[in-house]
Amino acid sequence: MEPAEHDARIWIDAAAAAVRQLDFPEAARRAEIAVSIDGGSSEAFVLWSYALCQTGELSAAESVCRRALARDPHSTSVLLTLATILLAQGDPDAAESECNRCLGDEGAAGGAHEILGLVGRARGDVGSALVHFATAREKGRDTPGTRYNLATCHLLRNEYEPGFELFESRFDVYPQAYADGLPGVLATGAGRRWGGEDLCGRHLLLWAEQGIGDSIMMLRYLPMLRASGAQRVTVACHPALHRLVAEQGGVDVVDIADVAAGNCELHCPLLSLPFCLGTTATTVPGAHGYLAVPDRDRAHWAARIASASELKVGLVWAGSPNLRDDLRRSVLPEDMAVLLDVPGVRFVSLQKRDAVTPLPGVLRGVHDWMGECDDFASTAGLVAALDLVVSVDTAVAHLAGALGKPVWLLNRHGSEWRWGETGDRSVWYASMRQFRQTASGDWRTVLASVRANLLEHLRGSASCEPIAGGAGAA
């Protein structure tokens with residue numbers, strides 16, 4: 001039964017309930033009815049615009065906020081909602097302007113500083129972002145989201161001790177995502193979260209909470225855990241990683257979807273390992289490589305391509321289209337094609353695609369055997385046979401670094417935290433060199449620099465070690 005048509009309050013409460021249930025189209029419908037009854041309160045307008053944002057209707061959400069401000073120009077809740085929308089539309093200057101209108105209101109200042117922190121991040125000004133997020137907490141905006149945003153700023157600056165502690169707030173920011181990741185443990189409370197205490201004689205379950213690249217990055221901690229005296233270490237991860245993880249020895253491997261409640265004494269999400277083990281920027285383990293390739297995969301690909309006389313360079317130009325930020329990290333095939341006329345190079349695709357999607361026409365001439373790589377152990381064998389990998393920020397970049405293979409990372413503007421705020425190196429992978437965008441979306445300048453460095457390297461050396469400094473590196 002729907003709320004009475006004349007009662008705006010009931011419709012507002014109904015819209016809020018739909019938001020809690022993540023039914024944003026229904027929330028927008030209910031909030032719109034609330035507005036239609038009596039002209040709308042700021043609360044109704046905010047619910048309506050928020051719900052529209054969650055369905056990707058940013059222009060409509062902005063229009064709702066503008067309509068609300070015509071009714072009440074000083075509503076800080078609407079101004080801050082509008083600032084969030086403007087930032088999502090790629091206009092940090094306009095978002096900053098709306099936030100500044102709220103700084104004099106003590107009740108809204110914390111929220112304004114939080115959004116100003118996001119504005120700083122969008123501009124690549126991590127110092128400003130840190131100040132605003134910290135100020136937001138001081139002014140009472142000490143939410144999981146604020147702590148998470150503060151964490152990513154510290155991590156970007158390689159300030160790992162405060163960063164990884166605050167990074168634990170991710171479970172409160174994205175509770176459903178993590179509950180879905182390991183239903184056997186999180187949904188039932190089976191076992192106990194490991195916090196870094198003595199493991200001697202214990203069974204520890206490590207579970208994958210995010211992407212495959214994140215899992216590969218954290219596998220560097222397996223030797224430390226095996227050496228800790230743990231009686232048993234089990235890794236619950238994506239099936240595509242099973243053979244590769246099993247090759248590392250001393251661990252059991254299970255499918256993340258098949259973990260049963262009560263099947264472990266202690267458990268730990270993989271990205272909590274740096275926090276539990278006290279990692280700092282100078283104590284990251286395994287930076288020079290830590291993964292072993294199955295012998296049969298190494299031998300198979302060595303026989304196929306290792307005897308080629310050219311420099312063998314693997315290419316990855318796109319991540320998973322299912323990830324929200326993928327458009328920012330991926331490169332158009334036609335932009336990647338600028339590398340293909342470099343003489344003396346055999347280019348090899350490391351780009352995973354579905355079986356019916358052909359290699360883009362502009363990349364014809366790139367050798368493509370990825371249809372034969374049905375998991376990451378096989379892909380690791382192919383990477384091991386190459387001299388260099390050139391990749392956007394995706395799992396193969398982590399794989400190459402974890403194998404100690406020279407890898408040139410094409411890093412987007414507004415870097416992901418693990419690659420640091422500046423510089424062309426990585427504390428996580430000694431064999432990695434970064435080529436950073438200096439402006440959002442500008443891959444052509446980055447790839448021109450990669451091309452120039454390839455040519456320079458071919459003129460100066462027959463081997464392919466990572467090149468220090470050079471054009472295009474920040």
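The basis for the numbers below is simple: all heavy atoms, side chains too, and nothing from hydrogens, waters or symmetry mates.
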For the residue pair [X] and [Y], what are the closest heavy atoms and their distance?
X	Y	answer
Ser42	Ser77	CB-OG, 3.8 Å
Met336	Val316	CE-O, 3.7 Å
Leu166	Ser169	O-OG, 2.7 Å
Pro73	Leu79	O-CD1, 4.2 Å
Gly40	Phe45	O-CE1, 3.7 Å
Ala430	Arg425	O-NH1, 4.2 Å

Has the side chain of [X] got a donor or acceptor atom that lies under 3.5 Å from a matching backbone atom of [Y]?
X	Y	answer
Gln248	Leu244	yes
Glu62	Ile85	no
Lys352	Met370	yes
Asp387	Lys312	yes
Glu165	Phe275	no
Arg451	Val338	yes
Thr283	Thr279	no
Trp443	Ser330	yes
Ser97	Asp93	no
Glu334	Val362	no

Pair His413 + Trp419: ring centers closer than 6.0 Å: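 Distance test on ring centres: not under 6.0 Å, no.
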Option among Val450, Val348, Val345, Val389 that satisfies the side chain to side chain contact (heavy atoms under 4.5 Å, CB included) test with Val313: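 Result: among Val450, Val348, Val345, Val389, Val345 is the only option passing the side chain to side chain contact (heavy atoms under 4.5 Å, CB included) with Val313.
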Can you tell me how far the [atom1] atom of [X] sits from the [atom2] atom of [Y], to the nearest 0.5 Å?
X	Y	atom1	atom2	value
Cys276	Leu271	SG	CG	11.0 Å
Ser59	Gln89	OG	CD	5.5 Å
His242	Cys237	NE2	SG	4.5 Å
Ser349	Leu359	OG	CG	5.5 Å
Cys65	Trp48	SG	CH2	10.5 Å
Gln437	Thr445	CD	OG1	9.0 Å

May I ask you to decide if the ring planes of [X] and [Y] are parallel, tilted or perpendicular, using 30° and 60° as cut-offs?
X	Y	result
Trp369	Trp301	tilted
Trp207	His267	tilted
Tyr160	Phe164	tilted

Contact check, side chains of [X] and [Y], non-hydrogen atoms, under 4.5 Å:
X	Y	result
Val331	Val446	no
Ser215	Leu241	yes
Leu386	Leu350	yes
Leu454	Leu311	yes
Trp417	His154	no
Ser41	Ile12	yes
Asn100	Leu116	yes
Leu225	Trp194	yes

side-chain hydrogen bond (donor to acceptor under 3.5 Å, both in side chains) assessment of Ser272 paired with Glu168: CA-CA 7 Å; Ser272 288; Glu168 292 295 289; 2.7 Å; yes
Test salt bridge (charged side-chain N to carboxylate O under 4.0 Å, His left out) applied to Arg137 - qualifying residues, sequence neighbours left out: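 Scan of Arg137 (salt bridge (charged side-chain N to carboxylate O under 4.0 Å, His left out), adjacent residues dropped) gives Asp142.
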Any side-chain donor near an acceptor of the partner, Glu57 and Thr55, under 3.5 Å: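 Yes, Thr55 and Glu57 have a side-chain donor paired with an acceptor closer than 3.5 Å.
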Distance-only donor-acceptor check, side chains Arg66 and Ser49, under 3.5 Å: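 No, no side-chain donor-acceptor pair sits under 3.5 Å.
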Exceeds 12 heavy-atom contacts within 6.0 angstrom, atom CZ of Arg71: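 Counting neighbours around CZ of Arg71, more than 12 heavy atoms of other residues, nucleotides or ligands fall under 6.0 Å, so yes.
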Neighbour count above 12 (heavy atom, 6.0 Å) for Glu161 CD: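 No.
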CA sep, side-chain torsions, deciding dist, call: Phe24, Tyr50, side chain to side chain contact (heavy atoms under 4.5 Å, CB included): CA-CA 8 Å; Phe24 298 113; Tyr50 175 78; 3.8 Å; yes
Positive for salt bridge (Lys or Arg N to Asp or Glu O under 4.0 Å) with Glu114, one of Arg141, Lys139, Arg121: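 When salt bridge (Lys or Arg N to Asp or Glu O under 4.0 Å) is applied between Glu114 and each of Arg141, Lys139, Arg121, only Arg141 qualifies.
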Lys/Arg-Asp/Glu bridge criterion (N-O < 4.0 Å) met for [X], [Y]:
X	Y	value
Glu209	Arg170	yes
Arg101	Glu98	yes
Glu32	Arg29	no

Trace of the side chain to side chain contact (heavy atoms under 4.5 Å, CB included) decision for Cys53 with Leu58: CA-CA 5 Å; Cys53 277; Leu58 294 179; 3.9 Å; yes
Side chain to side chain contact (heavy atoms under 4.5 Å, CB included) between Asn453 and Arg433, intermediate numbers included: CA-CA 11 Å; Asn453 276 270; Arg433 176 180 177 185; 3.2 Å; yes
CA sep, side-chain torsions, deciding dist, call: Thr152, Glu416, side chain to side chain contact (heavy atoms under 4.5 Å, CB included): CA-CA 8 Å; Thr152 60; Glu416 225 269 344; over 6 Å; no
Verdict with reasoning, Asp214 to Arg418, per salt bridge (Lys or Arg N to Asp or Glu O under 4.0 Å): CA-CA 10 Å; Asp214 302 279; Arg418 70 203 71 213; 2.9 Å; yes
